[in-house]
Amino acid sequence: MPTSMRALVCRQPHDLGVETRALPVRKPGEAIVKLQRIGICGTDYHIYEGLHPFLQYPRVMGHELAATVIEADAGSKFSAGQLVAINPYIACGECHACKQGKPNCCMKIAVLGVHRDGGMAEYLALPEGNLLLADGMSADAAACVEFLAIGAHAVRRSELRSRQNALIVGAGPIGLGTGLFGAVAGGNVTIMDRDPARLALASWVTGITSTILSTGSVEQDVLNATQGNGFDVVFDATGNAASMEKSFGFVAHGGSYVMVGLVKDRISFFDPDFHKREMRLLASRNATAEDFALVMSSIQSGKIPVDALVTHRTSFDSAAANLASWARDKNGLIKAMIEMD
């Protein structure tokens, strides 16, 4: 086994380079995995740009991960050579949230690539409970599981029902994942974005043909799309405070609003409008084992167009330069993937 590994370390904003580190030490209950694919997330671009609100530098980024098992405990269900997707949310298992069955919002959560060093490296040592067997899946698909699980969790939180009208605000990867699983749940999904090119790409990739360009008479467009009622469920996946506030106005009477995006800011709304609609307001954070299982079964059954979602590729050696380039220019970009093999 190699005695050292390489990692992409962001020491401060706009400073991403390769560093040699010792091979991770495996504790009991952990497995050593070799990374095969690393998806580049909006979080990673924000870290590179210095815009992530809850991060301390230096940090090895990367939380959308597919890997091959190298070593595990004797008697483990994992064995060398198996492909796994990785749940990057390391929960304590002991806090109030964990005991309530919500490890996704653990009070001491450590997310790979954010609170602790992540997967833009050759090897990781991880708790076996955070590894998900990816039998029959490609490495690309396994690396897409995490970001799709964010959307699947938001849809499950919303309790979206078949034939209800759902609006996804923001046509980035998280928005597209939310839209795809809104459709899996049987909802009538519409995607909204301010960029016509991104909106067209999102529609082509997902097959969701109902779209709204969020410029001009957007309020009237919302009414036209819903027989004058507004949307039963609105998901905001922008992480933009102004957008998040505006989205309150798109919700139907008796409807729900789910904030999937996160912003370090205050969000306000006009209370009489909120009350007269008896609106339900929800936050959605990360994902749980149930969401990961749904995503993996949906990919395996062909319901999710993973191949179309991966639009850009790079090697580990070229990743630092390409990530910097894609942070500036996201034209045509949905999901970029670092190929380790």
Side-chain angles (χ1 to χ4, degrees), residues 37 39 41 63-67 77 82-91 97-98 100-106 109 111-112 126-164 166-168 170 172-189 191 202 205-208 232-237 256 258-261 282-310 334-335:
R37 294 288 189 279
C41 175
H63 59 275
E64 299 180 3
L65 309 171
K77 70 175 182 179
Q82 290 177 315
L83 180 70
V84 292
I86 293 174
N87 176 344
Y89 317 127
I90 312 297
C98 287
Q100 298 299 313
K102 293 185 68 68
N104 57 305
C105 53
C106 168
I109 198 165
V111 179
L112 295 178
L126 295 171
E128 289 190 8
N130 288 80
L131 306 183
L132 306 166
L133 284 173
D135 292 341
M137 296 174 64
S138 67
D140 280 356
C144 287
V145 168
E146 188 275 338
F147 91 84
L148 290 168
I150 299 284
H153 182 71
V155 172
R156 185 162 63 86
R157 287 275 288 154
S158 77
E159 299 178 353
L160 177 69
R161 299 193 301 273
S162 179
R163 299 182 182 177
Q164 284 189 315
L167 176 66
I168 316 300
I174 299 301
L176 297 193
T178 306
L180 285 166
F181 281 94
V184 168
N188 299 319
V189 178
I191 303 175
V205 167
T206 63
I208 296 170
D232 300 302
V233 183
V234 173
F235 301 89
D236 191 285
S256 299
V258 184
M259 290 185 177
V260 191
L282 298 166
S284 182
R285 187 183 186 194
N286 299 329
T288 65
E290 182 177 349
D291 307 308
F292 279 86
L294 174 62
V295 170
M296 296 181 80
S297 65
S298 297
I299 291 174
Q300 290 165 332
S301 63
K303 295 178 181 178
I304 304 299
V306 172
D307 291 343
L309 291 169
V310 180
I334 295 179
K335 179 56 59 183

Find out whether F235 and S284 are in side-chain contact, i.e. whether some heavy atom of one side chain is under 4.5 Å from a heavy atom of the other. no

To the nearest 0.5 Å, tell me how far N188 CG sits from L160 CG. 9.0 Å

Any side-chain heavy atom of V184 sitting closer than 4.5 Å to one from V155? no

Test item: F147 and H63 side chains (from C-beta on) under 4.5 Å apart, heavy atoms: no

Under the rule for side-chain contact (heavy atoms from CB on, under 4.5 Å), what residues qualify as partners of E128, not counting sequence neighbours? A31, A72, D73, S76, F78

Quick check: do L309 and D140 have side-chain heavy atoms less than 4.5 Å from each other? no

Between the main-chain N or O of A85 and the side-chain N or O of E146, is there a donor-acceptor pair closer than 3.5 Å? no

Measure the spacing between CG of L282 and OG of S158 and express it to the nearest 0.5 Å. 8.0 Å

Residues two or more places apart in sequence or in another chain: which of them pass side-chain contact (heavy atoms from CB on, under 4.5 Å) with A183? V189

Do you know which two heavy atoms are closest between V233 and Q164, and how far apart they sit? CG2-OE1, 4.3 Å

For the student: nearest non-hydrogen atoms of A139 and A66, plus distance: O-CB, 3.4 Å

For the residue pair N130 and I90, establish whether any side-chain heavy-atom pair is separated by less than 4.5 Å. yes

Calculate, to the nearest 0.5 Å, the distance between atoms CD1 and OG1 belonging to I191 and T178 respectively. 9.5 Å

Any P173 side-chain heavy atom under 4.5 Å of I150 side chain: no

Taking side-chain hydrogen bond (donor to acceptor under 3.5 Å, both in side chains) as the definition, give me every residue that meets it alongside D291, ordered by chain and number, with sequence neighbours left out. H153, R156, T288

Shortest non-hydrogen contact between K335 and C41, atoms and distance: NZ-CA, 3.8 Å

